[in-house]
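Okay, so here's the structure we're looking at.
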Amino acid sequence: MKVSIIGAGYVGVITALGFGELGHEVMVMDQDVNKINQLVSGQMPFYERGAQESLQSNISAGKVHFTCSMSDVIEFAELIFLCVGTPPLDDGSADLSAIESIARTIAEQATSAKCLVEKSTVPAGTSQWIERTLRLYGRNGVTFYVASNPEFLQEGNALDDFLNPSRIVIGVKDDYAKDLLLELYRDLDSPKLVCDIETAELIKHASNSFLAMKISYINLVADLCERVGADVRTVAYGIGLDPRIGSNFLNAGLGYGGSCFPKDTKAFVHMARTVGLDFSLLERVDLINRSRVDVILSKLRATLWSLKGKRITILGLAFKPHTDDVREAPALRIISKLLDEGAIVSAYDPKASHNARGAMIDLGYDPSEIRFTADSYEALEDSHALVIATEWPDFAELDPDRIYKLMRTPIIVDGRNLLIDKDLGNCGFEYYPIGIAK
Ligand code: UDX
Ligand code: UDX
């Protein structure tokens, strides 16, 4: 089948590559000319495991095409996937302006039947607005369909998640759109849930918010463990043995970042409020999450006393390993707070340093205030303390003796409990994990 995709971000590009791998022919459009030029030249605009190879093989197989032309991408296929960003507004609601303007453009330009598919995470009820927009601006005689097909791609494993999904959710109002989407996913033998559109839209927000709640819950338990002399890893293992709870997403630490959990929990709270419901439980989840960086800062102050003038090393800048995405990354908030307290910061990430530099500029910081280094050891030179902010496997391979010699004072605050089994106390370090009493 032919598929059009609007939005060449983490979701749009991976979705395109996945459809290409399934044998479909895909055209992807984005307003960002640089991004499209990179893709046309066979270069991924962001790091995602396996994507570079898939991009090149899909291009040589003639399966994916990239354009900045809205008219080309509208013309290309009957199925049009909306993969544009739905970032949070100040009041927590999702900014749907891109979705709205694209729906209007499609209505005005389409000369044949189109099925608009929400891939971007949108609040329940959005499809009704899309339908109204298509009716208001649509040309006479052109038929439009709307569907919801939310993405469940975990960054760092996105292409594999697309090709081996835990479930495919298809929200439709009519058999025509249902048949189109079932045909599109025919070769994927994962559970296919066909339901109404509002239910499909709600599944995504409810799913991400629940996972976020699970993380904030174990982080609360971690803080209690430190005070009563328990080990949060064993508590997590112990409760996770109950199949009703499960062991995943119970890793205590710096909490969640990324472009999904923070924005989806806020959007869910806002959407519930617009229909008169109090989802303040999820506001607490978000508050607990944001306070995780303060846990790290208080550990640093408890061992270094004043942070002013102290050299602090941050290893890990991406919001999680195996991605270069720094959106809502806890590391950036730690760096901001350290700079505000007059500390001197060195930072290293295997993939995300460039994006982190740009993000710190967007936060109003002078990037020259942060020493972005070429490797971990350079970042540790003359350092008073090391903070592990992202659990990249490379950091677990660092040589403790070499680190000990490089650092001014051998202090490690491990925001992801990555080095917990390295017995660093016996190597002369002061080692501070999360949720494990010393
Ligand atoms: C985003 C959200 O983060 C995710 O929650 C949602 O499910 C899908 O949209 P992501 O791919 O990470 O996913 O977004 P982003 O990386 O911001 O990419 C969005 C792309 O859409 C950008 O490349 C942007 O240039 C493009 N865009 C946005 C358009 O082409 N036209 C527009 O009008 C707006
Ligand atoms: C998430 C959902 O998992 C995915 O299904 C959805 O489609 C998009 O949002 P993503 O945001 O890419 O995926 O990353 P994920 O692996 O879910 O981790 C999100 C954040 O939670 C990361 O910052 C990670 O460090 C943190 N996390 C995860 C924890 O702090 N503890 C855990 O146990 C798991």
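Order of appearance sets the numbers: ligands from 1, and atoms from 1 within every ligand.
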Please list, in number order, the atoms of ligand 1 under 4.0 Å from a heavy atom of [X].
| X | value |
| --- | --- |
| K263 | 2 (C), 3 (O), 4 (C), 5 (O) |
| G7 | 21 (O) |
| T121 | 5 (O), 6 (C), 7 (O) |
| K35 | 22 (C), 23 (O) |
| E151 | 7 (O) |

For [atom], which of [options] has the closest heavy atom?
| atom | options | result |
| --- | --- | --- |
| atom 17 (O) of ligand 2 | F152, Y10, F249 | F249 |
| atom 18 (O) of ligand 1 | A8, P150, G9 | G9 |
| atom 25 (O) of ligand 1 | L82, V33, I36, D30 | D30 |

For [atom], closest protein heavy-atom neighbour:
| atom | result |
| --- | --- |
| atom 12 (O) of ligand 2 | E155 N, 2.7 Å |
| atom 28 (C) of ligand 2 | I215 CD1, 3.6 Å |
| atom 9 (O) of ligand 2 | C260 CB, 3.2 Å |
| atom 33 (O) of ligand 2 | N251 N, 2.9 Å |
| atom 14 (O) of ligand 2 | K320 NZ, 3.3 Å |

Inset, instruction - Check the pair T86 / L96 against side-chain contact (heavy atoms from CB on, under 4.5 Å), numbers first and verdict last. - result: CA-CA 6 Å; T86 51; L96 301 174; 4.1 Å; yes
Legend entry - S71 and Q109: side chain donor to acceptor below 3.5 Å: no
Legend entry - Pair E48-T323, side-chain donor/acceptor within less than 3.5 Å: no
Heteroatom distance test ([X], ligand 1): nitrogen or oxygen, under 3.5 angstrom:
| X | answer |
| --- | --- |
| D32 | no |
| Q31 | yes |
| S259 | yes |
| M29 | no |

Inset, instruction - Please verify whether a non-hydrogen atom of K214 lies at under 4.0 Å from ligand 2. - result: no
Charged N to carboxylate O under 4.0 angstrom, [X] versus [Y]?
| X | Y | result |
| --- | --- | --- |
| E198 | K173 | no |
| E226 | K299 | yes |
| D294 | K337 | yes |
| K263 | D286 | no |
| D91 | R273 | no |
| E391 | K320 | no |

Inset, instruction - Flag the pair F19 / Y185 as yes when their ring centroid distance falls below 6.0 Å, and as no otherwise. - result: yes
Inset, instruction - Could you list which atoms of ligand 2 come closer than 4.0 Å to a heavy atom of L153? - result: 4 (C), 6 (C), 7 (O), 8 (C), 13 (O)
Inset, instruction - Could you tell me which atoms of ligand 2, counted from 1 in the order shown, lie closer than 4.0 angstrom to a heavy atom of Y256? - result: 20 (C), 21 (O), 23 (O), 26 (C)
Inset, instruction - Would you please classify the geometry between the Y348 ring and the F395 ring as parallel, tilted or perpendicular, with 30° and 60° separating the classes? - result: perpendicular
Legend entry - NZ or CZ of K2 within 45° of F76 ring axis and under 6.0 Å: yes
Legend entry - Proximity of R327 to ligand 1 by residue part, where a heavy atom lies under 4.0 Å: side chain
Legend entry - Mode of S120 contact toward ligand 1 - side chain, backbone, both, neither (heavy atoms, under 4.0 Å): both
Inset, instruction - Record the part of L250 in heavy-atom contact with ligand 2 below 4.0 Å; permitted values are side chain, backbone, both and neither. - result: backbone
Inset, instruction - Check for a donor-acceptor pair, side chain of T67 on one end and backbone N or O of S69 on the other, with a separation under 3.5 Å. - result: yes
Inset, instruction - State, to 0.1 Å, how close I434 and A222 come at their nearest heavy-atom pair, and which atoms those are. - result: CG2-CB, 4.2 Å
Inset, instruction - Kindly confirm or rule out an N or O of F319 lying under 3.5 angstrom from an N or O of ligand 2. - result: yes
